[in-house]
Amino acid sequence: MSLRSSPLPPAGVSPDRLVRPELLGLSGYHVADAGGLIKLDAMENPHGLPGPLREELGRIAATATMNRYPDPQAQALKTALMVAFGVPQREMLLLGNGSDELIQILAMSVARPGATVLAPEPSFSMYRLIAMWCGLRYVGVPLRADFSLDAAAFVAAIERERPALTFLAYPNNPTGNLFETDAIEAILAAAPGLVVIDEAYHAYAQTSWLDRVPSEPGLVVLRTLSKLGLAGLRIGVLIAQAQWVAEFDKLRLPYNLNVLSQLFATRLLGETALFAAQIQSILDERTRLASALGTLRGVHVYPSQANFLLFRVAHAERVFDGLRARRVLIRKLLGSHPLLADCLRVTVGTPGENDMFLDAMQELLK
Ligand SMILES: Cc1ncc(COP(=O)(O)O)c(C=O)c1O
């Protein structure tokens with residue numbers, strides 16, 4: 001018998017025979033190529049770090065032991081996060097490679113046969129995608145036309161679907177608004193499973209449900225350092241009662257936060273004045289951008305508590321393409337949900353980037 005492998009794969013081995021059928025039908029999360037473009041599509045903080053701080057990070061990187069695995073518990077980073085976010089107990093914290101990973105851990109942890117994930121729509125598309133990856137049923141509950149949460153419809157959906165996991169982005173992406181406190185209270189009271197309040201844009205909204213975690217057994221709060229200004233480090237933070245964190249932690253891959261991310265984030269969380277100034281500049285620009293955009297012909301801008309603006313404009317596809325031709329990349333939402341017809345989303349950039357966006361918009365809409 002020859003040990004040489006056959007040049008052809010054994011008959012029958014192909015993705016369509018092996019991969020789960022629901023995955024074959026999915027398209028992955030699409031990230032546009034931003035090469036050479038003014039990048040206003042992904043809710044990043046446009047301000048980098050000042051030179052001396054970057055140089056200090058270089059020196060910190062030189063101390064990193066890259067031949068060793070990182071601290072699996074990321075203890076120093078957890079200490080810094082407890083201070084930065086006001087988390088009372090270390091055992092209430094779980095860290096992820098971005099909050100995307102934490103959403104995946106949450107979904108995996110409840111993925112019993114027939115379990116359901118519920119979320120308002122439109123909202124962050126990863127809730128639906130990850131639910132499908134984990135073999136969960138996903139049910140979306142439409143927001144009202146003004147993107148507010150219809151508490152009665154949502155509570156009715158909770159009673160009908162009995163979700164194991166309910167996601168509420170606060171503020172919501174891509175709409176930018178904060179859901180009403182009363183509506184969230186009603187959802188917390190009705191939900192038979194976990195309610196995840198995803199505070200990815202907390203830095204810009206400055207309102208939170210974190211203080212409620214100790215008294216709400218089923219409440220999970222998610223945060224991320226991405227929108228604050230450290231998207232490249234990929235650090236997501238989950239805060240829940242310790243009994244939940246102990247279970248979720250069993251699904252976390254060992255060493256999910258690399259050594260450089262841990263070192264840099266631990267150091268940078270001390271830079272409160274720097275980030276506060278950057279956030280203030282983004283909030284000022286959000287106000288300026290919203291009012292300038294609102295004066296353009298045929299543009300309707302939605303109120304935002306995040307670092308982006310959702311707007312509606314006739315011929316949105318043409319506007320998106322026109323912006324791209326002028327080297328400005330924003331996010332196209334039309335086609336992703338019926339409530340988002342003619343909608344585009346722009347991330348608040350630096351004053352210069354916002355001017356380029358506004359100039360391009362003016363030219364396209366005149
Ligand atoms: C509501 C919401 N949650 C989570 C994320 C993912 O953030 P991270 O970079 O921490 O994975 C995003 C990113 O756009 C988001 O909008």
Side-chain angles (χ1 to χ4, degrees), residues 27-49 98 122-126 147 169 171-177 200-201 203-205 224 226-232 277-337 339-366:
S27 39
Y29 186 82
H30 174 70
V31 178
D33 178 8
L37 303 177
I38 295 163
K39 196 169 181 314
L40 300 177
D41 65 327
M43 285 83 89
E44 294 142 322
N45 172 346
H47 304 287
L49 299 171
S123 190
F124 184 41
S125 58
M126 292 304 280
F147 303 125
N172 191 36
N173 170 18
T175 57
N177 56 317
Y201 301 95
Y204 305 97
T224 177
S226 299
K227 314 303 175 180
L228 179 69
L230 302 176
Q278 293 188 348
I279 289 163
Q280 193 52 54
S281 141
I282 292 167
L283 294 178
D284 293 346
E285 279 297 295
R286 180 177 78 193
T287 307
R288 181 177 79 91
L289 194 58
S291 63
L293 203 51
T295 61
L296 298 181
R297 194 151 54 96
V299 175
H300 177 82
V301 188
Y302 289 90
S304 169
Q305 303 298 315
N307 63 338
F308 59 85
L309 294 170
L310 179 76
F311 62 98
R312 214 180 276 276
V313 60
H315 311 297
E317 179 99 41
R318 191 180 59 75
V319 172
F320 175 84
D321 291 342
L323 286 168
R324 219 189 142 107
R326 289 163 179 77
R327 293 187 42 246
V328 180
L329 179 66
I330 65 168
R331 182 70 189 244
K332 186 163 62 173
L333 294 165
L334 51 138
S336 63
H337 190 275
L339 287 173
L340 295 174
D342 281 333
C343 280
L344 300 172
R345 185 191 69 198
V346 60
T347 302
V348 180
T350 62
E353 289 170 338
N354 298 334
D355 284 341
M356 291 181 76
F357 163 72
L358 286 168
D359 289 348
M361 284 292 287
Q362 222 143 25
E363 222 177 276
L364 286 163
L365 296 177
K366 71 177 176 231

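Within the 4.5 Å cutoff, the side chain of Thr347 has no heavy atoms near those of the Asp41 side chain. Arg297 has its side chain out of reach of Val299: every pair of non-hydrogen atoms, C-beta onward, lies at least 4.5 Å apart. Here the side chains of Tyr302 and Thr175 are not in contact, with every heavy-atom distance at 4.5 Å or above. Residues Leu293 and Phe357 form a side-chain contact, since some pair of their non-hydrogen atoms from C-beta on lies under 4.5 Å apart. The side-chain heavy atoms of Val319 and Leu344, taken from C-beta on, include a pair separated by under 4.5 Å. Counting heavy atoms from C-beta on, the side chains of Leu310 and Ser304 never come closer than 4.5 Å. With a 4.5 Å cut-off on side-chain heavy atoms, Leu340 and Leu334 do not count as touching. In this structure, Pro174 and Arg331 have side chains that are not in contact, with every pair of non-hydrogen atoms separated by 4.5 Å or more.
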Item checked: Stepwise ring-ring contact (aromatic ring centres under 6.0 Å, His included) check, Tyr201 with Phe308 -> CA-CA 10 Å; Tyr201 301 95; Phe308 59 85; 5.2 Å; yes

Item checked: Test log, rule side-chain contact (heavy atoms from CB on, under 4.5 Å), inputs Val348 and Val346 -> CA-CA 6 Å; Val348 180; Val346 60; over 6 Å; no

Next item on the list: Let me see the working for Arg288 and Asp355 under side-chain contact (heavy atoms from CB on, under 4.5 Å), right down to the final yes or no.
Entry: CA-CA 10 Å; Arg288 181 177 79 91; Asp355 284 341; 2.9 Å; yes

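Taken from CD in Glu353 to CD in Glu285, the straight-line distance is 10.0 Å, to the nearest 0.5 Å. Separating the CD1 atom in Ile282 from the CE atom in Met43 is a distance of 12.5 Å, to the nearest 0.5 Å. In this structure, CG on Leu333 lies 9.5 Å from CZ on Phe320, to the nearest 0.5 angstrom. One distance of note links CG of Leu37 with CZ of Arg327; it measures 7.0 Å at 0.5 Å rounding. Here Ile330 contributes atom CD1 and Arg345 contributes atom CZ; the two are 9.5 Å apart, rounded to the nearest 0.5 Å. Going from atom CG of Leu289 over to atom CG of Asn307 covers 11.5 Å, rounded to the nearest 0.5 Å.
Closest of all the heavy-atom pairs between Leu329 and Asp33 is CD2-O, 4.3 Å. Scanning all heavy atoms of the two residues, the minimum distance from Ala316 to Cys343 falls at CB-N, 4.3 Å. Taking all atoms of both residues into account, the shortest heavy-atom contact from Ala360 to Leu323 is CB-CD2, 3.6 Å. The nearest pair of heavy atoms linking Arg312 to Ala341 is NH1-O, 2.6 Å.
Salt-bridge annotation for Arg326 and Asp321: absent, with no side-chain N of the basic residue lying under 4.0 Å from a carboxylate O of the acidic one. A salt bridge does not link Asp284 to Arg286: none of the charged side-chain nitrogens sits closer than 4.0 Å to a carboxylate oxygen. The pair Lys227-Glu44 fails the salt-bridge criterion, with no side-chain N (NZ, NE, NH1 or NH2) lying under 4.0 Å from an Asp/Glu carboxylate O.
In this structure a side-chain-to-backbone donor-acceptor pair under 3.5 Å is present from Asn172 to Pro122. Looking at Gln278, its side chain does come within 3.5 Å of a backbone N or O of Gly48 through a donor-acceptor pair. Put simply, the side chain of Asn354 gets close to the backbone of Gly349: a donor and an acceptor are under 3.5 Å apart.
No hydrogens or angles considered: a donor-acceptor pair under 3.5 Å links the side chains of His47 and Ser281.
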